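Remember, it's 1-based here, ligands and their atoms both numbered in the order they're listed. No experiment lies behind these values; they were computed from the predicted model shown.
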Amino acid sequence: MTAGIPSMFDLSGRVCVVTGGGRGIGKAIAAALAAHGATVVITGRTQATLDAAAAEMAGSGATVDAIAADVANEDDVARLARIVEERHGGAQVLVNNAGINAIYKKAEDTTLSEWNEIIATNLTGVFLTCRAFGRSMLEAGSGSIVTISSIGGRVGLAKTAPYCASKGGVELLTRSLAIDWAPRGVRVNTVAPAYVETDLTAGLASHPVLGERIVQRTPMHRFGQPDEIAGAVVFLASDASLYVTGQTIGVDGGWTAA
Ligand code: NAP
């Protein structure tokens, strides 16, 4: 930011928790929030990944804390919220980015445990973290929560029924929380990316047929980059979006316009 010019995107003095912040889109979001002045807490299941990401960001001048937690585990999420309260006095921003898509197969071949694993992380995990951090935001009378959905939460995609169901659930959970919490100063919005180059899509991007099919189907004719998702999150986290709640911003190269 340019020194001396007040910015409605300034996040100085705010604590932002980013789930799945150790790599991929979450890491890019955490770096962007930190670049706008926030203290960032990154979380995920793997402490070593988090420590490496925190060290990299700290090298660029960011203030970053790294706390391992599984968003699908209620006790872990409660412990995370307690540590953030103790170390940082709570969080003003929560970004629910942690997500998985462990399988690409037809619904009739999908097992219950595959279904449960994806729903537990992608949907129940968002509920648990929103509830844990939402409580203290409601007490404080302000806060911004951003969930990361997907084009798969807005249109059906082949061979990803549990993933699409989880992300569609995230979109409606977001709107429902937005309505419940709007009178008490807590905003809840969604960012819905299309295909972005990360570990999650590495198999698709390198696939000779599917990778090309995705590129052709995307109006911008390319995969997105993690950094390109972060701007919308900074907007929704900041005072630039004070009158915005219950909305979805598609950051999808035009996918859902077609
Ligand atoms: P990624 O590179 O695979 O990273 C996923 C992150 O989530 C990792 O940091 C991972 O850390 C964390 N995570 C997974 N399960 C977790 C759990 N149970 N508890 C806590 N953390 C967990 O994925 P990505 O592509 O960056 O995706 C990030 C988000 O964007 C996801 O919600 C995804 O659905 C969404 N999205 C991605 C794309 C895309 O094309 N890449 C498109 C649309 C939406 P650990 O493994 O260490 O726990």
Quiz item: Distance only, no hydrogens: is a donor on one side chain within 3.5 Å (strictly under) of an acceptor on the other, for Thr174 and Thr190?
Solution: yes
>> Does Thr248 form a side-chain hydrogen bond (donor to acceptor under 3.5 Å, both in side chains) with Arg154? I'd like the steps, not just the answer.
In response: CA-CA 10 Å; Thr248 300; Arg154 315 183 80 191; 5.0 Å; no
Q. Can Glu85 and Arg135 be counted as an ion pair, charged N to O under 4.0 angstrom?
A. no
For Val215, the other hydrophobic cluster members (4.5 Å side-chain criterion, sorted by chain and number) are Tyr104, Ile151, Val155, Leu157, Tyr195, Leu204, Leu210, Ile214, Phe223, Trp255
Please determine whether a side-chain nitrogen of the Lys or Arg among Arg175 and Glu171 lies less than 4.0 Å from a carboxylate oxygen of the Asp or Glu. yes
Distance-only, no hydrogens or angles: does the Thr43 side chain make a donor-acceptor pair with backbone N or O of Ile67 under 3.5 Å? yes
The answer, listing residues by chain and number that come under 4.0 Å of ligand 1 through any heavy atom, is Gly20, Arg23, Gly24, Ile25, Gly44, Arg45, Thr46, Ala69, Asp70, Val71, Asn97, Ala98, Gly99, Ile100, Thr121, Ile148, Ser149, Ser150, Tyr163, Lys167, Pro193, Ala194, Tyr195, Val196, Thr198, Asp199, Leu200, Thr201
